[in-house]
Amino acid sequence: MPELPEVETTRRGLAPHLEGSKVKKVTVRQPSLRWAVPSDLAEKLEGRVIQSIQRRGKYLLFKNTQGTLIGHLGMSGSMRICSGDSEIKKHDHVDIAMANGNILRFHDPRRFGFLLWTEDDPLQHKMLSKLGPEPLSDEFTGKLLHQLSRKRKVPIKNFIMDSCVVVGVGNIYASESLFSAGIRPTRSAGKVSLAAYEQLAEIIRIVLARSIDQGGTTLKDFVNSDGQPGYFAQQLNVYGRAGQACPQCQTEIKSKVIGQRNSFYCPACQK
DNA sequence: AGTGCGGCCTGTCCGC
DNA sequence: TGCGGACAGGCCGCAC
(Lines give C-alpha, C1' and ligand atoms only; values in the text may rest on other atoms or scores of the structure.)
Protein backbone atom coordinates (compact mmCIF):
# COMPACT_ATOMS: atom_id res chain seq x y z
CA MET A 1 0.00 0.00 0.00
CA PRO A 2 1.57 2.99 1.29
CA GLU A 3 4.19 4.85 -0.55
CA LEU A 4 5.68 8.04 0.74
CA PRO A 5 2.58 10.26 0.38
CA GLU A 6 0.45 7.78 2.31
CA VAL A 7 3.01 7.50 5.10
CA GLU A 8 3.37 11.27 5.29
CA THR A 9 -0.43 11.64 5.34
CA THR A 10 -0.51 9.18 8.24
CA ARG A 11 2.24 11.03 10.10
CA ARG A 12 0.53 14.39 9.77
CA GLY A 13 -2.74 12.93 10.93
CA LEU A 14 -1.30 11.15 13.95
CA ALA A 15 1.06 13.82 15.22
CA PRO A 16 -1.46 16.26 16.77
CA HIS A 17 -3.17 13.43 18.67
CA LEU A 18 -0.04 11.79 20.02
CA GLU A 19 2.85 14.25 20.29
CA GLY A 20 3.37 15.42 23.83
CA SER A 21 1.05 12.76 25.26
CA LYS A 22 1.90 9.91 27.58
CA VAL A 23 1.36 6.28 26.64
CA LYS A 24 -0.95 4.55 29.08
CA LYS A 25 -1.23 1.02 27.76
CA VAL A 26 0.11 -1.05 24.89
CA THR A 27 -1.96 -4.01 23.69
CA VAL A 28 -0.49 -6.47 21.21
CA ARG A 29 -3.12 -8.87 19.84
CA GLN A 30 -1.02 -10.25 16.99
CA PRO A 31 2.74 -10.05 17.54
CA SER A 32 3.56 -11.95 14.38
CA LEU A 33 4.04 -9.19 11.85
CA ARG A 34 6.75 -9.17 9.22
CA TRP A 35 9.11 -9.14 12.16
CA ALA A 36 7.84 -10.02 15.59
CA VAL A 37 6.69 -7.11 17.71
CA PRO A 38 9.28 -6.83 20.53
CA SER A 39 7.96 -8.63 23.58
CA ASP A 40 9.05 -5.75 25.83
CA LEU A 41 7.41 -3.04 23.73
CA ALA A 42 4.88 -2.20 26.44
CA GLU A 43 7.52 -1.52 29.06
CA LYS A 44 9.48 0.66 26.62
CA LEU A 45 6.47 2.85 25.85
CA GLU A 46 4.10 2.83 28.82
CA GLY A 47 4.40 5.80 31.13
CA ARG A 48 6.53 7.73 28.65
CA VAL A 49 5.63 10.70 26.49
CA ILE A 50 5.74 10.46 22.69
CA GLN A 51 7.89 13.48 21.95
CA SER A 52 7.71 13.50 18.19
CA ILE A 53 6.60 11.52 15.16
CA GLN A 54 8.96 11.75 12.23
CA ARG A 55 9.15 10.07 8.88
CA ARG A 56 12.17 8.72 7.02
CA GLY A 57 11.24 7.23 3.65
CA LYS A 58 8.30 4.99 4.37
CA TYR A 59 9.27 4.48 8.00
CA LEU A 60 7.51 6.24 10.85
CA LEU A 61 9.60 7.12 13.90
CA PHE A 62 7.85 7.60 17.25
CA LYS A 63 10.35 9.02 19.72
CA ASN A 64 10.36 9.04 23.48
CA THR A 65 13.19 9.80 25.90
CA GLN A 66 14.44 6.21 25.87
CA GLY A 67 14.36 5.33 22.21
CA THR A 68 12.32 5.11 19.03
CA LEU A 69 9.47 2.95 17.85
CA ILE A 70 10.07 2.28 14.15
CA GLY A 71 6.86 1.55 12.25
CA HIS A 72 6.29 0.45 8.69
CA LEU A 73 2.92 -0.07 7.00
CA GLY A 74 4.06 -2.71 4.52
CA MET A 75 1.55 -3.27 1.74
CA SER A 76 -1.74 -3.12 3.55
CA GLY A 77 -1.12 -1.42 6.89
CA SER A 78 -2.73 1.65 8.34
CA MET A 79 -2.61 3.55 11.59
CA ARG A 80 -5.67 5.28 12.91
CA ILE A 81 -6.69 7.30 15.91
CA CYS A 82 -9.54 5.57 17.70
CA SER A 83 -11.45 6.18 20.90
CA GLY A 84 -11.82 3.70 23.71
CA ASP A 85 -15.30 2.61 22.66
CA SER A 86 -14.55 1.96 19.00
CA GLU A 87 -15.00 -1.62 17.93
CA ILE A 88 -11.91 -3.78 17.47
CA LYS A 89 -11.89 -5.20 13.97
CA LYS A 90 -10.14 -8.15 12.43
CA HIS A 91 -6.44 -7.39 11.81
CA ASP A 92 -6.31 -4.63 14.42
CA HIS A 93 -3.00 -6.01 15.68
CA VAL A 94 -1.67 -3.39 18.08
CA ASP A 95 -3.17 -0.60 20.19
CA ILE A 96 -1.19 2.14 21.86
CA ALA A 97 -3.58 3.83 24.27
CA MET A 98 -2.68 7.34 25.37
CA ALA A 99 -3.43 9.05 28.66
CA ASN A 100 -5.39 11.67 26.70
CA GLY A 101 -7.91 9.01 25.63
CA ASN A 102 -6.71 8.59 22.05
CA ILE A 103 -5.73 5.14 20.84
CA LEU A 104 -3.23 4.59 18.06
CA ARG A 105 -4.47 1.46 16.31
CA PHE A 106 -2.27 -0.49 13.87
CA HIS A 107 -4.28 -2.48 11.35
CA ASP A 108 -2.65 -4.67 8.70
CA PRO A 109 -4.41 -7.56 6.92
CA ARG A 110 -1.35 -8.87 5.11
CA ARG A 111 1.01 -8.35 8.02
CA PHE A 112 3.89 -7.12 5.85
CA GLY A 113 4.16 -4.14 8.14
CA PHE A 114 6.08 -4.11 11.41
CA LEU A 115 6.88 -2.33 14.65
CA LEU A 116 10.42 -2.36 16.01
CA TRP A 117 12.11 -0.72 18.96
CA THR A 118 15.57 0.81 19.04
CA GLU A 119 17.45 2.74 21.68
CA ASP A 120 20.18 3.82 19.26
CA ASP A 121 19.95 6.44 16.55
CA PRO A 122 17.10 5.09 14.40
CA LEU A 123 18.74 6.47 11.27
CA GLN A 124 21.64 4.09 11.93
CA HIS A 125 19.31 1.11 12.28
CA LYS A 126 20.07 -1.64 9.80
CA MET A 127 16.81 -0.98 8.01
CA LEU A 128 17.35 2.76 7.58
CA SER A 129 21.08 3.27 7.37
CA LYS A 130 21.37 2.75 3.62
CA LEU A 131 18.42 4.83 2.55
CA GLY A 132 18.88 7.36 -0.21
CA PRO A 133 17.77 10.98 -0.02
CA GLU A 134 14.25 12.16 0.67
CA PRO A 135 12.69 13.05 -2.69
CA LEU A 136 11.35 16.33 -1.31
CA SER A 137 14.77 17.42 -0.03
CA ASP A 138 17.45 19.44 -1.80
CA GLU A 139 19.77 16.43 -1.84
CA PHE A 140 17.55 14.74 -4.39
CA THR A 141 18.59 15.96 -7.81
CA GLY A 142 18.72 14.79 -11.39
CA LYS A 143 22.47 15.02 -11.16
CA LEU A 144 22.49 12.49 -8.33
CA LEU A 145 20.22 10.11 -10.24
CA HIS A 146 22.49 10.43 -13.23
CA GLN A 147 25.61 9.75 -11.16
CA LEU A 148 24.18 6.73 -9.37
CA SER A 149 22.81 5.21 -12.55
CA ARG A 150 26.01 5.12 -14.61
CA LYS A 151 26.73 1.57 -15.75
CA ARG A 152 23.51 0.34 -14.19
CA LYS A 153 21.58 -1.96 -16.48
CA VAL A 154 18.40 -2.29 -14.45
CA PRO A 155 15.26 -0.84 -15.95
CA ILE A 156 14.85 2.76 -14.85
CA LYS A 157 11.62 1.85 -13.10
CA ASN A 158 13.45 -0.56 -10.77
CA PHE A 159 16.18 2.02 -10.32
CA ILE A 160 13.89 4.77 -9.03
CA MET A 161 12.07 2.26 -6.80
CA ASP A 162 15.39 1.30 -5.17
CA SER A 163 15.37 2.90 -1.72
CA CYS A 164 19.17 3.29 -1.82
CA VAL A 165 18.68 5.66 -4.74
CA VAL A 166 15.72 7.64 -3.44
CA VAL A 167 13.17 6.73 -0.79
CA GLY A 168 9.44 6.62 -1.06
CA VAL A 169 8.85 5.93 -4.75
CA GLY A 170 6.77 2.77 -4.96
CA ASN A 171 5.07 1.01 -7.81
CA ILE A 172 2.31 3.54 -8.41
CA TYR A 173 4.39 6.69 -8.36
CA ALA A 174 7.18 5.08 -10.39
CA SER A 175 4.77 4.42 -13.25
CA GLU A 176 3.20 7.85 -12.93
CA SER A 177 6.48 9.77 -12.77
CA LEU A 178 7.96 7.98 -15.77
CA PHE A 179 4.81 8.70 -17.74
CA SER A 180 5.00 12.40 -16.98
CA ALA A 181 8.71 12.43 -17.79
CA GLY A 182 8.12 10.63 -21.10
CA ILE A 183 10.54 7.82 -20.24
CA ARG A 184 9.82 4.17 -21.05
CA PRO A 185 9.99 2.22 -17.76
CA THR A 186 12.05 -0.56 -19.35
CA ARG A 187 14.92 1.68 -20.40
CA SER A 188 18.29 0.89 -18.86
CA ALA A 189 18.94 3.32 -16.01
CA GLY A 190 22.50 3.81 -17.22
CA LYS A 191 21.41 5.03 -20.64
CA VAL A 192 19.16 7.85 -19.54
CA SER A 193 20.63 11.33 -20.04
CA LEU A 194 21.36 13.93 -17.38
CA ALA A 195 18.72 16.22 -18.86
CA ALA A 196 16.11 13.47 -18.66
CA TYR A 197 17.07 12.73 -15.05
CA GLU A 198 16.77 16.39 -14.16
CA GLN A 199 13.29 16.45 -15.54
CA LEU A 200 12.42 13.15 -13.85
CA ALA A 201 13.65 14.32 -10.44
CA GLU A 202 11.50 17.43 -10.69
CA ILE A 203 8.49 15.38 -11.73
CA ILE A 204 8.92 12.88 -8.87
CA ARG A 205 8.99 15.81 -6.49
CA ILE A 206 5.85 17.33 -7.98
CA VAL A 207 3.92 14.05 -8.18
CA LEU A 208 4.70 13.13 -4.56
CA ALA A 209 3.93 16.62 -3.27
CA ARG A 210 0.64 16.73 -5.12
CA SER A 211 -0.34 13.32 -3.79
CA ILE A 212 0.43 14.41 -0.23
CA ASP A 213 -1.84 17.41 -0.80
CA GLN A 214 -4.61 15.00 -1.83
CA GLY A 215 -4.13 12.80 1.21
CA GLY A 216 -2.38 10.03 -0.71
CA THR A 217 -3.65 7.36 -3.06
CA THR A 218 -6.29 4.86 -2.01
CA LEU A 219 -6.54 1.94 -4.40
CA LYS A 220 -8.03 -0.46 -1.95
CA ASP A 221 -7.41 -0.21 1.71
CA PHE A 222 -5.34 2.85 2.50
CA VAL A 223 -7.01 5.08 5.05
CA ASN A 224 -5.50 7.99 6.89
CA SER A 225 -5.43 8.47 10.63
CA ASP A 226 -9.10 9.46 10.59
CA GLY A 227 -10.07 6.37 8.62
CA GLN A 228 -10.60 8.37 5.43
CA PRO A 229 -9.26 7.41 1.99
CA GLY A 230 -6.89 9.54 -0.11
CA TYR A 231 -8.00 11.16 -3.32
CA PHE A 232 -4.93 11.05 -5.55
CA ALA A 233 -6.14 7.90 -7.36
CA GLN A 234 -8.42 10.12 -9.43
CA GLN A 235 -5.36 11.86 -10.82
CA LEU A 236 -3.44 8.77 -11.89
CA ASN A 237 -2.66 8.94 -15.60
CA VAL A 238 -1.50 5.40 -16.35
CA TYR A 239 -1.43 3.29 -13.19
CA GLY A 240 -4.09 0.59 -13.42
CA ARG A 241 -5.29 1.89 -16.77
CA ALA A 242 -4.07 -0.75 -19.21
CA GLY A 243 -6.30 -0.83 -22.26
CA GLN A 244 -7.57 2.69 -21.71
CA ALA A 245 -6.62 5.71 -23.80
CA CYS A 246 -3.56 7.74 -22.87
CA PRO A 247 -4.79 11.08 -21.52
CA GLN A 248 -2.24 12.88 -23.68
CA CYS A 249 -2.38 11.12 -27.05
CA GLN A 250 -5.21 8.55 -26.84
CA THR A 251 -2.87 5.65 -27.62
CA GLU A 252 -3.78 2.52 -25.68
CA ILE A 253 -1.94 2.27 -22.36
CA LYS A 254 0.08 -0.90 -21.97
CA SER A 255 0.98 -2.92 -18.91
CA LYS A 256 4.08 -5.04 -18.50
CA VAL A 257 5.68 -6.85 -15.61
CA ILE A 258 9.06 -5.26 -14.87
CA GLY A 259 11.06 -6.61 -11.96
CA GLN A 260 8.07 -8.68 -10.86
CA ARG A 261 5.88 -5.62 -10.55
CA ASN A 262 3.14 -4.61 -12.90
CA SER A 263 3.99 -1.41 -14.74
CA PHE A 264 1.94 0.89 -16.90
CA TYR A 265 3.04 3.19 -19.71
CA CYS A 266 2.03 4.84 -22.93
CA PRO A 267 4.02 3.33 -25.82
CA ALA A 268 3.69 6.57 -27.80
CA CYS A 269 4.48 9.20 -25.15
CA GLN A 270 7.25 7.28 -23.40
CA LYS A 271 10.46 6.70 -25.34
C1' DA B 1 28.77 -5.45 -7.10
C1' DG B 2 24.79 -5.82 -9.50
C1' DT B 3 20.86 -8.41 -10.55
C1' DG B 4 16.87 -11.49 -10.16
C1' DC B 5 13.95 -14.05 -7.53
C1' DG B 6 11.56 -16.29 -3.40
C1' DG B 7 9.18 -15.41 0.49
C1' DC B 8 6.42 -13.19 3.99
C1' DC B 9 0.60 -12.89 4.64
C1' DT B 10 -4.54 -12.22 3.69
C1' DG B 11 -8.21 -10.65 0.77
C1' DT B 12 -10.37 -10.20 -3.56
C1' DC B 13 -11.48 -11.14 -8.03
C1' DC B 14 -11.85 -13.97 -12.12
C1' DG B 15 -12.61 -18.15 -14.71
C1' DC B 16 -14.14 -22.71 -14.62
C1' DT C 1 -22.10 -21.69 -5.17
C1' DG C 2 -17.56 -23.38 -4.69
C1' DC C 3 -12.81 -23.77 -5.71
C1' DG C 4 -8.14 -22.89 -7.49
C1' DG C 5 -5.10 -19.58 -9.10
C1' DA C 6 -3.44 -15.02 -9.98
C1' DC C 7 -2.69 -10.80 -8.20
C1' DA C 8 -2.16 -6.71 -4.91
C1' DG C 9 0.65 -0.44 -3.04
C1' DG C 10 7.08 -3.32 0.13
C1' DC C 11 11.30 -4.98 0.96
C1' DC C 12 14.72 -8.30 2.99
C1' DG C 13 17.86 -11.94 2.10
C1' DC C 14 19.79 -15.13 -0.73
C1' DA C 15 21.97 -17.29 -4.91
C1' DC C 16 24.16 -16.48 -9.11
Side-chain angles (χ1 to χ4, degrees), chain A residues 1-10 29-37 55-60 70-79 89-94 106-116 125-132 135 147-178 185-191 204 207-208 211-212 214-224 229-236 238-243 255-264:
Chain A
M1 77 153 322
E3 303 185 33
L4 187 146
E6 293 73 43
V7 179
E8 178 61 18
T9 297
T10 298
R29 298 183 198 87
Q30 169 58 278
S32 171
L33 304 181
R34 168 135 197 218
W35 284 286
V37 177
R55 179 188 58 74
R56 174 75 175 103
K58 298 176 192 172
Y59 298 85
L60 287 166
I70 302 176
H72 196 288
L73 302 177
M75 291 267 252
S76 58
S78 60
M79 289 186 185
K89 302 213 176 81
K90 197 177 180 184
H91 306 305
D92 284 342
H93 303 314
V94 178
F106 179 71
H107 174 92
D108 186 6
R110 288 178 73 182
R111 286 194 269 140
F112 283 11
F114 54 85
L115 297 173
L116 297 175
H125 189 277
K126 194 178 90 176
M127 220 93 69
L128 287 85
S129 63
K130 290 184 185 144
L131 294 179
Q147 258 171 28
L148 292 176
S149 63
R150 292 311 86 186
K151 302 196 174 162
R152 296 287 303 271
K153 291 183 176 150
V154 280
I156 187 165
K157 175 161 179 274
N158 299 26
F159 179 69
I160 60 171
M161 287 176 67
D162 180 347
S163 62
C164 303
V165 172
V166 57
V167 297
V169 181
N171 204 32
I172 297 177
Y173 298 112
S175 277
E176 290 299 309
S177 301
L178 290 168
T186 45
R187 267 176 65 189
S188 269
K191 295 196 172 160
I204 287 173
V207 168
L208 293 177
S211 181
I212 292 170
Q214 300 281 313
T217 299
T218 296
L219 291 185
K220 248 179 69 184
D221 30 30
F222 174 71
V223 290
N224 67 15
Y231 296 100
F232 193 71
Q234 297 160 13
Q235 295 181 27
L236 299 177
V238 289
Y239 187 86
R241 297 190 186 279
S255 70
K256 181 179 169 66
V257 175
I258 303 171
Q260 297 143 273
R261 310 299 298 277
N262 209 359
S263 311
F264 300 86

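The sequence lines fix the lettering, A, B, ..., with proteins before strands; numbering per chain opens at 1.
Note on T217(A): a base of the nucleic acid sits closer than 4.0 angstrom, heavy atoms only. Nucleic acid contact class of Y173(A) (heavy atoms, under 4.0 Å, all strands): none. In this structure, R261(A) reaches the bases: a heavy-atom distance under 4.0 Å links it to at least one base atom across the strands shown. Within the nucleic acid shown, R34(A) comes within 4.0 Å of at least one base atom, counting heavy atoms only. Using a 4.0 Å heavy-atom criterion, one finds that K90(A) contacts the sugar-phosphate atoms exclusively. Within the nucleic acid shown, F232(A) has no heavy atom closer than 4.0 Å to any nucleic acid atom.
For the pair L73(A)/E6(A), no side-chain contact is recorded, criterion being any heavy-atom separation below 4.5 Å from C-beta on.
The distance between atom CE of M161(A) and atom P of dC11(C), rounded to the nearest whole Å, is 8 Å. Counting to the nearest Å, the P atom of dC12(C) and the CD atom of Q260(A) are 15 Å from each other. Rounded to whole Å, the distance from CE on M79(A) to C1' on dG9(C) is 16 Å. The separation between F264(A) atom CZ and dC7(C) atom C1' is 11 Å, rounded to whole Å. Atom C1' of nucleotide dA8(C) and atom CZ of F222(A) are separated by 16 Å, given to the nearest angstrom. Here dG9(C) presents its P atom at 11 Å from CZ of F112(A), a figure rounded to the nearest Å. Nucleotide dG9(C) holds its P atom 12 Å from the CG atom of L236(A), rounded to whole Å. What separates CD of E6(A) from C1' of dA8(C) is a distance of 14 Å, to the nearest Å.
Residues passing the side chain to side chain contact (heavy atoms under 4.5 Å, CB included) test with K89(A) are E87(A), D92(A), sequence neighbours excluded. Under the side-chain hydrogen bond (donor to acceptor under 3.5 Å, both in side chains) criterion, R261(A) pairs with no residue at all, not counting sequence neighbours. For K58(A), there are no side-chain hydrogen bond (donor to acceptor under 3.5 Å, both in side chains) partners two or more places apart in sequence or in a different chain. With sequence neighbours excluded, the residues satisfying side chain to side chain contact (heavy atoms under 4.5 Å, CB included) with H91(A) are H93(A), H107(A), P109(A). Taking the side-chain hydrogen bond (donor to acceptor under 3.5 Å, both in side chains) definition, one finds that S263(A) meets it with K157(A), sequence neighbours left out. Residues satisfying the side chain to side chain contact (heavy atoms under 4.5 Å, CB included) test with A36(A), not counting sequence neighbours, are none. Judged as a side-chain hydrogen bond (donor to acceptor under 3.5 Å, both in side chains), and not counting sequence neighbours, Y239(A) has no contacts. For R34(A), there are no salt bridge (charged side-chain N to carboxylate O under 4.0 Å, His left out) partners two or more places apart in sequence or in a different chain. In this view, L148(A) and L144(A), F159(A), V165(A) satisfy the side chain to side chain contact (heavy atoms under 4.5 Å, CB included) rule, not counting sequence neighbours.
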Taking N or O atoms only and anything under 3.5 Å, show me the protein contacts with nucleotides 14-16 of chain C, one pair per line.
none

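Comparing the same atom, C1', in dG9(C) and in dT3(B) gives a spacing of 23 Å after rounding to whole Å.
Taking both residues in full, the closest heavy atoms of P135(A) and I204(A) are given as CB-CG2, 4.2 Å, listed atom of the first, atom of the second, then distance.
Annotation: cation-pi geometry not satisfied between R56(A) and Y59(A) (NZ/CZ under 6.0 angstrom from ring centroid, within 45° of ring axis).
Along DNA chain B, the stretch of nucleotides lying under 4.0 Å from any heavy atom of chain A spans, 5' to 3', dG2(B) to dG11(B).
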query = For DNA chain B, what string of dots and brackets results from 5' to 3' when Watson-Crick and G-U pairs need both distances under 3.5 Å, crossing pairs get [ ], and pairs with another strand get |?
reply = .|||||||.|||||||

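In the model, N224(A) has no side-chain atom that pairs as donor or acceptor with a side-chain atom of T9(A) under 3.5 Å.
If M127(A) and N171(A) are placed on DNA chain C by their nearest nucleotide, the residue sitting closer to the 5' end is N171(A).
OP1 or OP2 of dG13(C) lies within a sub-4.0 Å distance of a side-chain N or O belonging to K126(A). For dA8(C), one of the phosphate oxygens OP1 or OP2 lies less than 4.0 angstrom from a side-chain nitrogen or oxygen of N262(A).
Nearest nucleotide to the side chain of H72(A), out of dC12(C), dG9(C), dG10(C): dG10(C).
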